[in-house]
Amino acid sequence: MAVDVILGLQWGDEGKGKIVDYLAGNYDIVARFQGGPNAGHTLKFDGKKFVLHIIPSGVFREGIMNLIGNGVVIDPVILKKELEGLTVAGVDYKKCLLVAKKAHLILPTHRLLDKASEVAKGQQKIGSTLKGIGPTYMDKTGRNGLRVGDTFTPSFREKYEALRDKHLQLLKIYPEIEYDLESLEAQWFDSIKTLHELPAVNGEYYINKALDCGKKVLAEGAQGSMLDIDFGTYPYVTSSNTITAGVCTGLGIAPQKIGEVIGITKAYCTRVGGGPFPTELLNGMGEELRRVGQEFGATTGRPRRCGWIDLPALEYTIMLNGVTQLVITKIDVMNDFEEVKAATRYRYDGKEHAHLPYDLGSTKVEPIYETHNGWMTSLEHVNSFHDFPKPIKSYLKTLEMFLKVPITMVSVGPERQQLVLREVKVEA
Ligand code: GDP
Ligand code: IMO
Ligand code: MG
């Protein structure tokens, strides 16, 4: 069997958690392959709301296994809090959650370094979630990191202390920040005990064996492709490969094992943190999207920047990921808009372009928009594509024609069931 992938095509928060939760029932295993507690994936069902940071979004579906893959970075303190939340919700996590031994650990001092580095950058700060993501991946690639598997070895404490001491030296080059390391460490080591309640596995063997046995695997992305370390709006990105390629390294599977790639985009666009955002609306319309769409970070609570959908950027991320199906979320947020815009090209260097420039940050880009009629109606009673008001059908058709990928699902609200599935693929 193949590994299907769900990932975000914009700057994160596209609604990945909701879609993974919806589809998880069709799979045997749901696996996170990158990122860490910088992610905030919201699930809503039966009148309840959950925000997951490290734990895969299949965890509420009975009878399936969830794996925190080797490409993920884990803060045991945050994981412990999440696990406690699962217990309250009646989920027996010991039975449905595994962790890869090769996943790296976020130390308290990684979080401190993240913060100190951002303070040092001043106006140029990335807008990091301050969860220690960058410093932890730096130690991974720098070959200094601590992994889940290390916590079972007699030299764990020693390795921890060596890395911590290195971090304390490094902190000296940054502006001073306040911290109480003793209490942070006590909490961290206490959380390692909770981490040990989860079966630790060689994730790569586990996944490949499952595939050989005919099991269906869903890989859940975090962040979005425009935050990818290689192809995103560098340096305003996260520190992992958020694109499909990251599934191979983040779980240990070969490229030919990838099946469907389900790319998610909002019907508009948001971004949280710093960095370029060509279609950002710094006006009342942007505020309206934020208000109606409740666009506030699920991890940090920060207001998200809002703007129109950006088709050149989507075309780019569809190319990078090999997207085979598109999911449009939050279309209901624009129900009262008289018109809806979509950027179809950029103007820069005195010409029109379909491609993104080398650096969106330093190139002054002017999006060229196409305007669509709004639908000015509630979508509460829409159960099939056929029921969508005409302007939505036309908007979706335009997106499909432009992006050349079939739209298979449209999300019309935050609840699990507020999803309209496509029965027939529209001809291109
Ligand atoms: P993720 O990080 O990609 O999982 O997305 P987040 O959970 O950070 O942000 C998506 C937000 O939109 C959450 O508050 C969801 O409950 C909400 N949401 C998801 N799909 C829809 C939708 O179709 N309509 C509306 N109005 N809200 C949605
Ligand atoms: P989900 O999975 C939106 C952004 C941060 C910052 C940049 C770097 O919920 O879509 P980091 O903490 O990774 O060093 O921050 O990336 N960012 C996200 N934005 N959704 C996310 O995750 C994000 N994870 C990181 O705001 O701009
Ligand atoms: Mg999110």
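Note: hydrogens, waters and symmetry copies are ignored here, and every other heavy atom, side chains too, is used.
- Side-chain polar atoms of Tyr22 and Gln417 form no donor-acceptor pair below 3.5 angstrom.
- Using modelled atom types, no side-chain atom of Thr363 and backbone atom of Val365 make a donor-acceptor pair closer than 3.5 Å.
- Sequence neighbours left out, the pairs with a member in residues 297-325 that pass salt bridge (charged side-chain N to carboxylate O under 4.0 Å, His left out) are Asp13-Arg304, Glu280-Arg305, Glu295-Arg304.
- Taking the ring axis of Phe189 as reference, the NZ or CZ atom of Arg157 stays within 45° of it and closer than 6.0 Å to the ring centre.
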**Study point:** Check against side chain to side chain contact (heavy atoms under 4.5 Å, CB included), Leu396 and Phe388
**Key:** CA-CA 10 Å; Leu396 296 176; Phe388 274 130; 4.2 Å; yes
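- The backbone N or O of Ile243 sits nowhere less than 3.5 Å from a side-chain atom of Asn241 that would complete a donor-acceptor pair.
- Take Ile192 and apply the side-chain contact (heavy atoms from CB on, under 4.5 Å) test, not counting sequence neighbours, and it matches Pro76, Leu105, Thr151, Phe156, Trp188, Leu195, His196.
- Tyr395 places a side-chain N or O within donor-acceptor distance of the main-chain N or O of Ala267, the cut-off being under 3.5 Å.
- Within 6.0 Å of atom CZ in Phe152, more than 12 heavy atoms from other residues, nucleotides or ligands are found, so the atom counts as buried in its surroundings.
- For the residue pair Thr265/Gln10, the side-chain donor-acceptor check at 3.5 Å is satisfied.
- Here the side chain of Thr317 pairs a donor or acceptor atom with the backbone of Leu9 at under 3.5 angstrom.
- Judged by distance alone, the side chain of Asp28 and the main-chain N or O of Val217 form no donor-acceptor pair under 3.5 Å.
- Between Val20 and Val30, some side-chain heavy-atom pair lies under the 4.5 Å cut-off.
- Of all the heavy atoms in Ala120 and Pro175, the pair that sits closest is CB-CD, 3.6 Å.
- Glu14 and Thr329 share no donor-acceptor pair across their side chains, judged by distance under 3.5 Å alone.
- The CG atom of Asp228 lies 7.5 Å from the OG atom of Ser240; values are rounded to the nearest 0.5 Å.
- Rounding to the nearest 0.5 Å places NE2 of His53 at 9.0 Å from NZ of Lys81.
- By the salt bridge (Lys or Arg N to Asp or Glu O under 4.0 Å) test, Asp180 pairs with no residue at all, sequence neighbours left out.
- Separating the CG atom in Leu403 from the CD1 atom in Ile328 is a distance of 7.5 Å, to the nearest 0.5 Å.
- Take Ala222 and apply the side-chain contact (heavy atoms from CB on, under 4.5 Å) test, not counting sequence neighbours, and it matches Arg32, Gln34, Ala39, His41.
- Considering only residues two or more places apart in sequence or on other chains, Thr238 meets the side-chain hydrogen bond (donor to acceptor under 3.5 Å, both in side chains) condition with Asn38.
- Using a distance-only test at 3.5 Å, with no hydrogens or angles considered, no donor-acceptor pair links the side chain of Lys257 to the main chain of Asn208.
- Here Ser362 pairs with Asp359 under the side-chain hydrogen bond (donor to acceptor under 3.5 Å, both in side chains) rule; sequence neighbours left out.
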Exercise for review: Step by step, work out the side chain to side chain donor-acceptor pair (under 3.5 Å) result for Thr344 and Glu370.
Suggested key: CA-CA 7 Å; Thr344 54; Glu370 206 174 78; 4.8 Å; no
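- Residues passing the side-chain hydrogen bond (donor to acceptor under 3.5 Å, both in side chains) test with His353, sequence neighbours excluded: none.
- Shown here is Phe296, whose CZ atom has more than 12 heavy atoms of other residues, nucleotides or ligands within 6.0 Å.
- Counting heavy atoms from C-beta on, the side chains of Val148 and Ile74 come closer than 4.5 Å.
- Taking NE2 from His372 and CD1 from Ile392, the interatomic distance works out to 12.5 Å, rounded to the nearest 0.5 Å.
- For the pair Lys166/Gln169, no side-chain contact is recorded, criterion being any heavy-atom separation below 4.5 Å from C-beta on.
- Looking at Lys95 and Asp92, a side-chain N of the basic residue comes within less than 4.0 Å of a carboxylate O on the acidic one, giving a salt bridge.
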Practice item. Tell me, with the steps shown, if Arg422 and Ser384 meet side chain to side chain donor-acceptor pair (under 3.5 Å). Key: CA-CA 7 Å; Arg422 182 70 155 285; Ser384 73; over 6 Å; no
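- Val201 meets the side-chain contact (heavy atoms from CB on, under 4.5 Å) test with Leu67, Leu98, Tyr206; sequence neighbours excluded.
- In terms of heavy atoms, Val340 sits closest to Trp308 at CA-CZ3, 4.0 Å.
- Electrostatic pairing of Lys49 and Glu415 does not count as a salt bridge here, judged by no charged N lying under 4.0 Å from a carboxylate O.
- A donor atom on one side chain and an acceptor atom on the other are not found under 3.5 Å apart for His104 and Asp139.
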Check your understanding: For Glu82 and Tyr93, what are the C-alpha separation, side-chain angles and deciding distance, and is it a side chain to side chain donor-acceptor pair (under 3.5 Å)?
Key -> CA-CA 10 Å; Glu82 280 195 76; Tyr93 58 79; over 6 Å; no
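- No donor-acceptor distance shorter than 3.5 angstrom exists from the side chain of Ser155 to the backbone of Glu158, with no hydrogens or angles considered.
- A 4.5 Å side-chain heavy-atom check between Phe277 and Leu360 finds every atom pair outside the cut-off.
- Checking side-chain atoms of Thr141 against main-chain N and O of Tyr137 turns up a donor-acceptor pair under 3.5 Å.
- One N or O on the side chain of Thr242 and one on the backbone of Gly224 form a donor-acceptor pair closer than 3.5 Å.
- With a 6.0 Å radius and a threshold of 12 heavy atoms from other residues, nucleotides or ligands, Lys115 has its NZ atom at or below the threshold.
- Residues satisfying the side-chain contact (heavy atoms from CB on, under 4.5 Å) criterion with Val333, sequence neighbours excluded, are Tyr268, Leu289, Val292, Lys330.
- A side-chain N or O of Tyr160 and one of Glu185 form a donor-acceptor pair less than 3.5 Å apart.
- Taking CD of Glu197 as the reference point, atom NZ of Lys94 lies at 4.5 Å (rounded to 0.5 Å).
- Lys193 meets the salt bridge (Lys or Arg N to Asp or Glu O under 4.0 Å) test with Asp190; sequence neighbours excluded.
- Note on Asp75 versus Lys131: no salt bridge recorded, every NZ/NE/NH1/NH2 to OD/OE distance being 4.0 Å or above.
- Pairs engaging residues 199-224 under the salt bridge (charged side-chain N to carboxylate O under 4.0 Å, His left out) rule: Lys102-Glu204 [sequence neighbours left out].
- For Thr109, the side-chain hydrogen bond (donor to acceptor under 3.5 Å, both in side chains) test picks out His167, with sequence neighbours left out.
- A donor-acceptor contact closer than 3.5 angstrom is absent between the side chains of Lys140 and Thr136.
- Side-chain contact check for Leu218 versus Val3: every heavy-atom pair is 4.5 Å or farther apart.
- Between Asn321 and Thr244, the side chains place a donor N or O and an acceptor N or O closer than 3.5 Å (distance only, hydrogens not considered).
- Atom CG of Leu86 sits about 5.0 Å away from atom CZ of Phe60, to the nearest 0.5 Å.
- Side-chain N/O atoms of Asp21 and Ser57 include no donor and acceptor closer than 3.5 Å.
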